[in-house]
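These values consider heavy atoms only, across backbone and side chains, with no hydrogens, waters or symmetry-generated copies. Letters A, B, ... mirror the listed sequences (proteins, then strands); counts begin at 1.
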Amino acid sequence: MYGLVDCNNFYASCERVFKPDLNGVPIVVLSNNDGCVIARSNEAKTLGIPMGEPAFKMKELIETNQVAVFSSNYALYGDMSNRVMKTLATFVPTIEIYSIDEAFLNLKGFEHIDLNVFGRKIVRTTSKNTGIPVSMGIAPTKTLAKVANKFAKKYKGYKGVCVIDTEEKRIKALQKFDIGDVWGVGRKHLKTMNYNGIYTAYDFTQRSKSWVRRNFTVVGERMWNELQGIPCIEMDSTPSAKKQICTSRSFGSRLTAFEDILEAVSNHAASCAAKLRRQKSCAAGLMVFIMTNPFSERDAQYVNSKHLSISIPTNSTAEIIQYAKMLLQDIYRPGFSYKKAGVIITEIISDSPLQGDLFDTVDREKHKKLLKAIDSLNDGLGSNKVRIASQGYGKKWKLKNEKLSPRYTTNLSEIIEVKAKD
DNA sequence: TCTGGGGTCCTAGGACCC
DNA sequence: TCTGGGGTCCTAGGACCC
């Protein structure tokens with residue numbers, strides 16, 4: 001059996017932990033740049049605020065309903081996530097951290113105990129230890145555990161835990177479950193399903209395997225099996241190194257000058273390099289892209305990207321910035337009002353052993369020491385305290401985040417400030 | 001005025017090999 | 001008139017996830 005524990009309204013709940021006066025108050029959390037809604041408390045959902053709604057379209061709704069609005073605070077959410085995961089890990093030998101607010105628990109060997117009771121203990125303890133409310137679904141496959149989790153969240157009677165452990169419960173659950181809510185069914189597949197008369201997860205399981213394979217490839221076939229109770233998706237408890245690393249941001253305001261965009265791209269490149277070093281990898285290829293605002297109807301549109309292969313793979317901030325700059329020079333066109341830029345590391349290899357080059361002119365050992373020093377300084381002082389000159393001061397491209405809460409759990413000065421207020 | 005960011009997996013088709 | 005068979009690797013694009 002598998003368990004899926006999912007935090008309820010995670011980002012909104014994180015904000016609420018440190019502001020208990022917001023209990024019962026609708027909360028929304030906005031995306032980077034205070035763009036659109038990415039998390040809502042139950043109260044905000046009841047108000048009918050949709051996921052992904054642009055903030056500027058909700059101004060009135062927010063004011064009339066006294067909605068508490070937050071900019072996203074990933075330092076806080078990341079730390080709260082760690083606390084939740086650590087608590088979960090005390091209950092079972094293996095967990096798979098699936099996302100910032102979700103984890104699968106391997107319940108193999110727990111079949112002889114009452115899983116409902118066990119699940120409730122996990123839910124209760126996690127909420128008590130972290131302040132974050134969670135729900136749990138338990139079933140013979142991961143996909144069914146996801147289904148069960150949604151039931152646990154939706155109906156209060158379950159007390160946070162729903163178990164699918166008999167054929168009868170499985171069929172009943174699938175009959176009441178929209179096919180579009182199944183893990184692995186997106187917008188496009190939903191359309192095809194509906195077109196073929198499939199509306200519930202149960203309808204889907206009644207189709208033949210070959211029909212599913214033909215229309216939805218192996219991905220659909222796996223899903224079909226999983227819904228029947230045949231596990232196809234195993235636990236993956238050891239996070240593997242990333243195959244692709246990307247840093248991209250919309251600018252706080254529109255940019256036109258090459259120098260301003262270069263500053264943003266340099267910072268994105270530096271961030272990619274730091275991520276590479278953290279996972280002990282090097283880049284063998286990178287890509288830079290820039291784009292104008294696709295929502296604007298009056299501005300001329302321009303989107304471009306360019307890729308480059310690196311002959312001697314590197315994770316040096318200075319080198320990666322140099323490459324990124326070359327690419328940006330290639331794709332930048334004056335006269336456009338740019339909205340967003342990004343750097344993507346596309347070919348990632350391990351940093352040791354590294355294939356050298358006879359004609360290499362860089363003293364890599366010396367470079368390595370420098371990077372190590374920079375990383376340790378920045379770890380202690382905050383990211384980007386020590387940086388390459390081309391990263392600049394970030395005045396123009398920096399994000400908008402006007403409603404940012406303090407980093408209650410990770411920033412010492414803010415912790416002291418909060419304590420003093422208390 | 002104003003619309004996020006970061007990933008994975010799969011398939012088809014082209015280029016190439018013997 | 002008629003022109004093989006079997007394979008790999010790479011890339012772009014599409015679908016999905018949170």
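Comparing A/Gln244 and A/Tyr11 against DNA chain B, the residue whose closest nucleotide sits nearer the 5' end is A/Tyr11. Mapping A/Cys36 and A/Cys246 onto DNA chain B by nearest heavy atom places A/Cys36 at the nucleotide closer to the 5' end.
Using a 4.0 Å cutoff on non-hydrogen atoms, the parts of residues 323-347 of chain A near DNA chain B are A/Lys339, A/Lys340, ordered by number. Of the residues in residues 236-243 of chain A, those lying under 4.0 Å from DNA chain B by heavy-atom distance are A/Lys242, A/Lys243. Listed in residue order, the members of residues 48-70 of chain A having a heavy atom less than 4.0 Å from DNA chain B are A/Pro54, A/Phe56, A/Lys59. Residues from residues 205-219 of chain A with heavy atoms under 4.0 angstrom of DNA chain B, sorted by number: A/Thr217, A/Val218, A/Val219.
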Strand DNA chain C in bracket notation, Watson-Crick/G-U under 3.5 Å with | for pairs to another chain: ....||||||||||||||

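At the heavy-atom level, A/Ile100 lies nowhere under 4.0 Å from the strands shown. A/Val182 comes within 4.0 angstrom of sugar-phosphate atoms only, judged by non-hydrogen atoms across all strands, and of no base. Backbone-only contact: A/Asp101 has heavy atoms under 4.0 Å from sugar-phosphate atoms and none from a base. At the heavy-atom level, A/Asn32 lies under 4.0 Å from the strands shown only through sugar-phosphate atoms. Residue contacts for A/Ser72: at a heavy-atom cut-off of 4.0 Å it reaches no nucleic acid atom on any strand shown. Residue A/Arg254 is in sugar-phosphate contact alone, with no base atom involved, counting any heavy-atom pair closer than 4.0 Å across all strands shown.
Under a 4.0 Å N-O distance rule, the pair A/Glu15/A/Lys403 does not qualify as a salt bridge. The existence of a salt bridge linking A/Asp330 and A/Lys306 is confirmed by a sub-4.0 Å separation between a basic side-chain nitrogen and an acidic carboxylate oxygen. With salt bridges taken as basic N to acidic carboxylate O contacts below 4.0 Å, one links A/Glu102 and A/Lys146.
The structure places CG of A/Asp101 at 9.0 Å from SG of A/Cys14, a figure rounded to the nearest 0.5 Å.
When only modelled atom types and interatomic distance are considered, A/Asn9 and A/Asn42 share a side-chain donor-acceptor pair under 3.5 Å. Side-chain contact, A/Ser296 with A/Asp299: a donor N or O sits under 3.5 Å from an acceptor N or O. Judged purely by distance below 3.5 Å, without hydrogens or angles, the side chains of A/His268 and A/Gln391 never pair a donor atom with an acceptor atom. Judged by distance alone, the side chains of A/Asp34 and A/Ser71 do bring a donor and an acceptor atom under 3.5 Å apart. Using modelled atom types and a 3.5 Å distance limit, the side chains of A/Thr200 and A/Gln175 yield no donor-acceptor pair. Residues A/Asp379 and A/Ser376 have side chains that never bring a donor and an acceptor to within less than 3.5 angstrom of each other.
With sequence neighbours excluded, no residue forms a side chain to side chain donor-acceptor pair (under 3.5 Å) with A/Lys176. A/Tyr11 pairs by the ring pair (Phe, Tyr, Trp, His ring centres under 6.0 Å) definition with A/Tyr74, A/Tyr77, not counting sequence neighbours. The side chain to side chain donor-acceptor pair (under 3.5 Å) search around A/Arg124 returns none, not counting sequence neighbours. For the ring pair (Phe, Tyr, Trp, His ring centres under 6.0 Å) test, no residue two or more places apart in sequence or in another chain qualifies with A/Tyr202.
Ring geometry for A/Phe18 against A/Tyr408 counts as parallel: the plane angle stays under 30°, on a 0 to 90° scale with 60° as the upper cut. Using the six-membered ring where Trp is involved, A/Phe151 and A/Tyr158 have ring planes that are perpendicular, over 60° apart on the 30 and 60° scheme.
C/dC18 and B/dT3 are spaced 25 Å apart, taking the P atom of each and rounding to whole Å.
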Under 3.5 Å donor-acceptor pairs involving side-chain atoms of residues 230-239 of chain A, not counting sequence neighbours:
none

Mind listing the side-chain donor-acceptor pairs of residues 243-258 of chain A below 3.5 Å, one per line with the distance, residues two or more places apart or on another chain?
from	atom 1	to	atom 2	distance (Å)
A/Thr247	OG1	A/Ser271	OG	2.9
A/Thr247	OG1	A/Lys275	NZ	3.0

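With a heavy-atom cut-off of 4.0 Å to chain A, the contacted part of DNA chain C has its first and last nucleotide at C/dA15 to C/dC18.
Shown are A/Thr205, A/Leu190, A/Ile179; of these, the side-chain contact (heavy atoms from CB on, under 4.5 Å) with A/Ile198 is made only by A/Ile179.
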